[in-house]
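Chain identifiers are assigned alphabetically (A, B, ...) following the order of the sequence lines, protein sequences preceding nucleic acid strands; residue numbering begins at 1 within each chain.
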Number of protein chains: 2
Amino acid sequence: MAKRIGLKDIAEALNVSVTTVSRALNNKFDINQETRNAILQKADELNYRPNAYAVSLRKNEYFTIGVILPSIDHYFFSTVLKGIMNKAHQANYLVLIGESNHDLEREKEIIEQFMSHCVTGVIISPSDKTTYGNNLDLLKTRRIPFILVDRPTNDSNHSFVRYDDPNGAFLAVEHLIQQGYKRIGFIKGYDYCVISNARYSGYKKALAKYDIPFDESLVKSCIHIDKPNDGYELSKQMLFVKNRPDAIFCVTDNVASGVYQAAIEYGINVPTELGIVGYSNSQISKHLTPTLSTVEQPGIEMGEQAFAFLQQNIIGGVSRLERTFEARLVIRQSSILQNFK
Amino acid sequence: MAKRIGLKDIAEALNVSVTTVSRALNNKFDINQETRNAILQKADELNYRPNAYAVSLRKNEYFTIGVILPSIDHYFFSTVLKGIMNKAHQANYLVLIGESNHDLEREKEIIEQFMSHCVTGVIISPSDKTTYGNNLDLLKTRRIPFILVDRPTNDSNHSFVRYDDPNGAFLAVEHLIQQGYKRIGFIKGYDYCVISNARYSGYKKALAKYDIPFDESLVKSCIHIDKPNDGYELSKQMLFVKNRPDAIFCVTDNVASGVYQAAIEYGINVPTELGIVGYSNSQISKHLTPTLSTVEQPGIEMGEQAFAFLQQNIIGGVSRLERTFEARLVIRQSSILQNFK
DNA sequence: CGAAATTTCGGAAACGTTTACGATGAATTT
DNA sequence: AAATTCATCGTAAACGTTTCCGAAATTTCG
């Protein structure tokens, strides 16, 4: 509302030129100490802030990156964002944020908004469909570097930061096997969910390694991977048969929480009668009773790494970078059988 | 990396002036249909995007708001942010985000960055100390409108969106009383935590209404309000005495989760032997066993309301707006005694 | 003391837009 | 046929900076 004050205001107040004021404020060398001090003081007095728009326009450097996430209130993504913002702040970058809600059209809008705002790079966790999609082409034709987070595409030219999802699932299932569980079920996501499929493959690999026959009746697909309800319903189906599984690996912690509910309802003890392992090491996993064993996903570190990669791409012009975070299992109470046998 | 293409590039390619190109792209009237079409086509072909910096600078209108939150990966705040971004997107505003981490110095840096980027308004959930502080003065002297979220200051001129915290606590405690609990404890935050104190007052008010004497030994203060550990330790202290409380109201769900742990450790049944009510209706409250009764905090709605207020302040120049969201109790299993008595 | 070097500053152009204004030519009117 | 209108376009200034270049004023040097 109030008039923005600019270099001109300071200049007029002190009877010097705009150029001189600029020089003083930017610590240039060819300026007298006294005038500089006077200018600094006046600037402070008038509460001057440089207009970032004018500066960027003139210098043609826009210290801005864009971040696109499917959902901002999803715990994992919010930690990724935190990691990005940590590093971005240190490097004096402005961070623009867009929430795609897995909507391709929205994702495109965000990218175009980012391009209008001259982002020098983008970190994106694409919606599932983008994986094969063309929204990224918008960035490519503009040669705007981007880093994929958590969900790499099948294009081998892209830089990405991801988590070793198959191995995370493998470790989870192997752990269950080693604990002595015999019939291990898996509650997955829908068929085209990239993340779910990656974990599915790890599940199968672990079974194969220990010569456990794959039993399709032990695998169920849920629609909503972020809510417990599907896990609840599907595990009820799985547990209400004669030859029921004695352990269930879940595609997310939230799904696992649904399995807890079903177990309680049926009076099935966890972990003695039913082992459970989730995925994400989200907040709830520590709070469930018994505490939930799960696969860790270090969101902050992944975010920080993504920003570091982006910076390398921007500055160094490095073409392709990738990092796969090593999977790590967090063993808690829900999968410990050893002491009871 | 690639050269940005501007109006000039289109103009040169078509042998017209920059002005004409601008006119064509902005749907001005005094332009020939054919040239317009040619320009539109060329712009599309070259993948032109207007430079938002130049536009804003020239038009002197910056459709940007800033949001400052203590923590971005805190569930409640992430939902507030989601609400803000929903509305901001509809209104075509750019959203800048800063994470203060309850650090006053950082908060100031963010505000200055925002001012450099010419935000037309700010939504801020101030760190505790700012409540009495001067960071907001930076905005005031610049006449940049701002809306406080969740944590109003004691300055009666400020616009804010908050939650009726005292009443939320009151409802929680009243509910426990009505269920038949007799000795109701409270685990609060540290002494200067605004939110904690608001809830504390509601606790006391409920006791007073039902003529239950206030017993200081039933009130404990924790440091970390967002983690279960303090709740765990403090409730152990409270439960390990002869005349222990039969219900505990907690300043947050996370603290309540710590009480669960202590109860399990001591073999105390929830809710029959110990009633528990938390605060925030966070993710975990639905997943705990038994499910946790808690006070709802509608983050998305509060965020949307905050943006609506900000917009009114910006557009209409309305001076002061406030809204207190009505408290609502979510009754789950952890506080139900009625059926057992 | 004159010339050269140095210090300190201002003028002007530029970044990519938008917009007020004027210019041009064609079409219409008288 | 001259005068007027109208449609279409270009010129130039402006937004708030930075920076190149040159101009004074001052100092240093031979």
What is the distance from [atom1] of [X] to [atom2] of [N], rounded to the nearest Å?
X       : N      : atom1 : atom2 : answer
A/Asn27 : D/dT18 : CG    : C1'   : 15 Å
A/Phe63 : D/dT17 : CZ    : P     : 18 Å
A/Phe29 : C/dC9  : CZ    : P     : 13 Å
A/Asn15 : C/dC9  : CG    : C1'   : 13 Å

Any protein N or O atoms within reach of nucleotides 23-28 of chain C? Criterion: under 3.5 Å, listing atom names and distances.
none

*asked:* A side-chain contact here means heavy atoms from C-beta on lying under 4.5 Å apart; do B/His117 and B/Tyr62 qualify?
replied: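 Not in contact.
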_Side-chain touch B/His89/A/Arg106, heavy atoms, less than 4.5 angstrom_ =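 Result yes, sub-4.5 Å side-chain heavy-atom pair found.
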*Without swapping roles, check the side chain of B/Asn51 against the backbone of A/Cys118 for a donor-acceptor pair under 3.5 Å.*
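Checked: no pair found.
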*Could you tell me which residues satisfy side chain to side chain contact (heavy atoms under 4.5 Å, CB included) with B/Lys42, sequence neighbours excluded, listed by chain and number?*
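So B/Lys42 forms a side chain to side chain contact (heavy atoms under 4.5 Å, CB included) with B/Ile10, B/Ala13, B/Leu14, B/Glu45, B/Leu46.
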_Sugar-phosphate only, base, or nothing, as touched by B/Ser56 at under 4.0 Å among non-hydrogen atoms_ =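 No contact.
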*How far does CD1 of A/Ile110 sit from CD1 of A/Ile97, to the nearest 0.5 angstrom?*
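It is 11.0 Å, given to the nearest 0.5 Å.
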Tell me every residue that passes side-chain hydrogen bond (donor to acceptor under 3.5 Å, both in side chains) with [X], counting only those two or more places apart in sequence or in another chain.
X        : answer
A/Thr324 : A/Arg162
A/Glu322 : A/Arg320
A/Asn26  : none

*Going by modelled atom types, is there a donor-acceptor pair between the base of D/dC9 and the side chain of B/Asp30 at under 3.5 Å?*
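Between D/dC9 and B/Asp30, which were checked side chain against base, a qualifying N/O pair under 3.5 Å is present.
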*Summarise protein proximity over nucleotides 14-19 of chain C in one line of letters, 5' to 3': B for base, S for sugar-phosphate only, - for none, counting protein heavy atoms closer than 4.0 Å.*
BBBBBB
